[in-house]
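Read through the structure below, which is laid out as structure tokens, and then see the notes.
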Amino acid sequence: MQPHDLQTIASKVQAVRGKQRTRLMCCGSTACLSSGAEAVRTALDQAVKAQGLAADVHVGTSGCLGLCGRGPLVRREADGEPALTYHDVDAEVAARIVATEAPSAPDVASPDVASPDLTSPDVASPDLTAHILPETHPFFARQHKVVLALNGTIDPEHLEDYIAHGGYAAFARVVTTMSPAEACDEVKRSGLRGRGGAGFPTGIKWRAVLDHPGERKFVIANGDEGDPGAYMDRTVMEDLPHQVIEGMLIAGYAVGAQQGYLYVRGEYPLAVKRLEKAIRAAGRQGLLGANIFGTDFSFKLDIRIGAGAFVCGEETALMASVEGSRGVPRMRPPYPAQSGLWGCPTLINNVETFANIAPLFAGGAEKFASVGTEKSKGTKIFALAGKLNQTGLIEVPMGITLREIVFTIGGGIPDGKAFKAAQTGGPSGGCIPAEHLDTPVDYESLRALGAIMGSGGLIVLDETSSMPDVARFFMEFCADESCGKCVPCRVGTVQMHGLLDKIMQQRATPADIEKLQRLGELVKRTSLCGLGQSAPNPVLSTLRYFRHEYDALVSEGQA
Amino acid sequence: MTSTLSGDPRLKSVDRAIKKNGARGDALLEVLNTAQESFGYLSQDLIRYVARELHVPLARVYGVATFYHLFTFKPKGDHTCIVCLGTACYVKGAGDIVAALEAEYEVKSGGTTADGRLSVTTARCLGSCGLAPMLVLDGAVLARNDANSTLERVAVVLDGTPAQEAD
Ligand SMILES: Cc1cc2nc3c(=O)[nH]c(=O)nc-3n(C[C@H](O)[C@H](O)[C@H](O)COP(=O)(O)O)c2cc1C
Ligand code: FES
């Protein structure tokens, strides 16, 4: 394939699509599938056929449309009209949606978004308007889609669809017109930082791998997604597999690697299936393999499937796992850039980081950097869950306040309850109480509050939630997931969990709380890897903001 | 060494995974994944077989297999109920669901009832947090459960009648 062949493929797809006035995209992601999306897709297909609309209406499967709590969702795109999303669709509603597409049917008026009502029960309404969410609805309006821009528009399983929307063009341009060093510089200038949690500047990491001497180099995408209440990376892998692959190709070229690995969490069979399909399709088109676009650049990509170990998300443990060993972390330095997979220089980035790369190069570093704050550029995907009216997957500009996420996008707390805290970063993160709701979401601000950006889990807790219980939940997780290599983590997490148990059972004394705090600081300072170093965070953070809840449990027990 | 496995048709996919990777030691994880997929669990014989075919010490195979949570060494019960214990499901009461199941069927999560009828396991986020708490009962993904609805659904499955959507 040559770069201009991409245009040929795109034109072919557009020639077919151009004739169809409307596109109805039924969400095919995990959440909507579990609320019945398959039946909806079948109903859409049947209705289009029965009503003789096949020439006008295209029915497809899309990636996650975001509002997972109100699925199944169907997105409607029509020439010259604003896009909209139907929520709580079932087979019967699907047939009525199709009926409105008949040339003779009257237009369906969009509802008034000034008073969006998503607190109504999720049942099929005789009025189709009650199922419509326009793009101006606050859930969508405050989002900013860079990584997920194509979600809802393209079919995740169609390479040609991705190409028709500009896919692989950025890679073609990089590999034919830029030097590896220039590519690294572009990433550096964009200000992109790692989306896996720690926020290390991506361009600097790439340059380090490029500069390190070595014949063999590797690129690894970290799709282990360990946070036990989040699914951003899963969505990116399932819905935009080609965007991840394109990012890895650009990275491979920029750092001088010939081989890439996608490390996917074992619990994600659909992601594995779609990535495998995407790799095969890209290989067939010559987008992977030897001498891509007729250049000297060759790149091979393989999938490695995890087997359920949180610590394998840590980069050195992950590499041990790719090598087929127990996923036990080791001391750094040496960093993977110096000595990684099989001792070779290795670039390891999170899958969302890779998914940022193609849009970054497509629009240029300056455009990418125009979104976000001074030190945190671009957007971040969050899995918004917990005690909220509107839950789901969102992509927001860095710097947005937590208040906007919770109350505008998330629609506030159900049942008239009060907001208590937002938890970010899962078992490595912390909580943010109501008095800090106006904090901008960026790496530094969240860290200053004792929370972290994390990989994108965002759980909202209301007044009925017990913070010590949440802390115990995460500590149980960490004790269970500690690999056992170093003592502070192996023993410390179990001891801390025991203390939290005692507190929850109202058997603790004030001295136990002091002990918990001291132990937390010790484990944080002395553990070998990030798991132990961050495991105390949920405890220390809830002690910082919700100490009174711990004290109350102690005094109630003693009374 | 003869084993109960020789000639077992389920070995085919395991052999394929071994062959695909040229019997390299770093294929261990993938081969174990495949083995568990086709047999449902890793028996002693199966672990020995993998060690021998990959030319890896048995101790290393055990070490790797026991490190990762997804590998199990005992057969599953006739029915399985997986309760999501991810954060979103937990804050919406998934802990109560597990407790109710453990009490009702006298089984620890991760285990199988003495009569081999029901296995209760937990998962960390099924990727549908908006529909928490989530449950997978005999492969069917069920949204928005609580302790009572779960006990009812499990009882229906164990009785042999098809599970109904309880609305
Ligand atoms: C215990 C632990 C778990 C981790 N889990 C993940 C994970 O699931 N996904 C991920 O991308 N990074 C994870 N990380 C961070 C990785 O070690 C690494 O920093 C990251 O993949 C680098 O990519 P980035 O620079 O693009 O963020 C984890 C770190 C620790 C200490
Ligand atoms: S936490 Fe249960 S589905 Fe995400």
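Letters A, B, ... are given to chains in the order of the sequence lines, protein chains preceding strands, and every chain is numbered from 1.
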Give the intermediate values and the outcome of side-chain contact (heavy atoms from CB on, under 4.5 Å) for residues E476(A) and L85(B). CA-CA 11 Å; E476(A) 184 176 1; L85(B) 262 192; over 6 Å; no
Identify the heavy atoms of [X] and [Y] that sit nearest to each other, and give their distance.
{"X": "Y68(B)", "Y": "G327(A)", "value": "OH-N, 3.1 Å"}
{"X": "G130(B)", "Y": "T391(A)", "value": "CA-OG1, 3.1 Å"}
{"X": "A31(A)", "Y": "L131(B)", "value": "O-CD1, 3.5 Å"}
{"X": "V64(B)", "Y": "G324(A)", "value": "CG2-O, 3.7 Å"}
{"X": "R304(A)", "Y": "D26(B)", "value": "NH2-OD1, 4.3 Å"}
{"X": "L70(B)", "Y": "G306(A)", "value": "CD1-O, 4.2 Å"}

Picking from [options], which has the most non-hydrogen pairs under 4.5 angstrom with chain B?
{"options": "K387(A), E225(A), Q423(A), E481(A)", "value": "E481(A)"}
{"options": "R326(A), R234(A), E267(A), M232(A)", "value": "R326(A)"}
{"options": "A307(A), P228(A), C32(A)", "value": "A307(A)"}

Residue among I459(A), V470(A), D469(A) satisfying side chain to side chain contact (heavy atoms under 4.5 Å, CB included) with Y90(B): D469(A)
Toward chain B, the part of [X] with a non-hydrogen atom under 4.5 Å:
{"X": "S465(A)", "answer": "neither"}
{"X": "S321(A)", "answer": "both"}
{"X": "L461(A)", "answer": "side chain"}
{"X": "C64(A)", "answer": "neither"}
{"X": "F310(A)", "answer": "neither"}
{"X": "V322(A)", "answer": "backbone"}

Spacing of [atom1] belonging to [X] relative to [atom2] belonging to [Y], to within rounding of 0.5 Å:
{"X": "S35(A)", "Y": "R144(B)", "atom1": "OG", "atom2": "CZ", "answer": "7.5 Å"}
{"X": "F67(B)", "Y": "S325(A)", "atom1": "CZ", "atom2": "OG", "answer": "10.5 Å"}
{"X": "T30(A)", "Y": "M134(B)", "atom1": "OG1", "atom2": "CE", "answer": "9.0 Å"}

Most heavy-atom pairs under 4.5 angstrom with chain A, which of [options]?
{"options": "L32(B), L28(B), L29(B)", "result": "L29(B)"}
{"options": "C89(B), G127(B), G86(B), A88(B)", "result": "G127(B)"}
{"options": "Q36(B), R60(B), E30(B)", "result": "R60(B)"}

Evaluate side-chain contact (heavy atoms from CB on, under 4.5 Å) for Y231(A) paired with S128(B), printing each intermediate quantity in order. CA-CA 8 Å; Y231(A) 54 104; S128(B) 309; over 6 Å; no
Using non-hydrogen atoms only, which part of L126(B) is less than 4.5 Å away from chain A: side chain, backbone, both, or neither?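 Backbone of L126(B) only, per the 4.5 Å heavy-atom cut-off to chain A.
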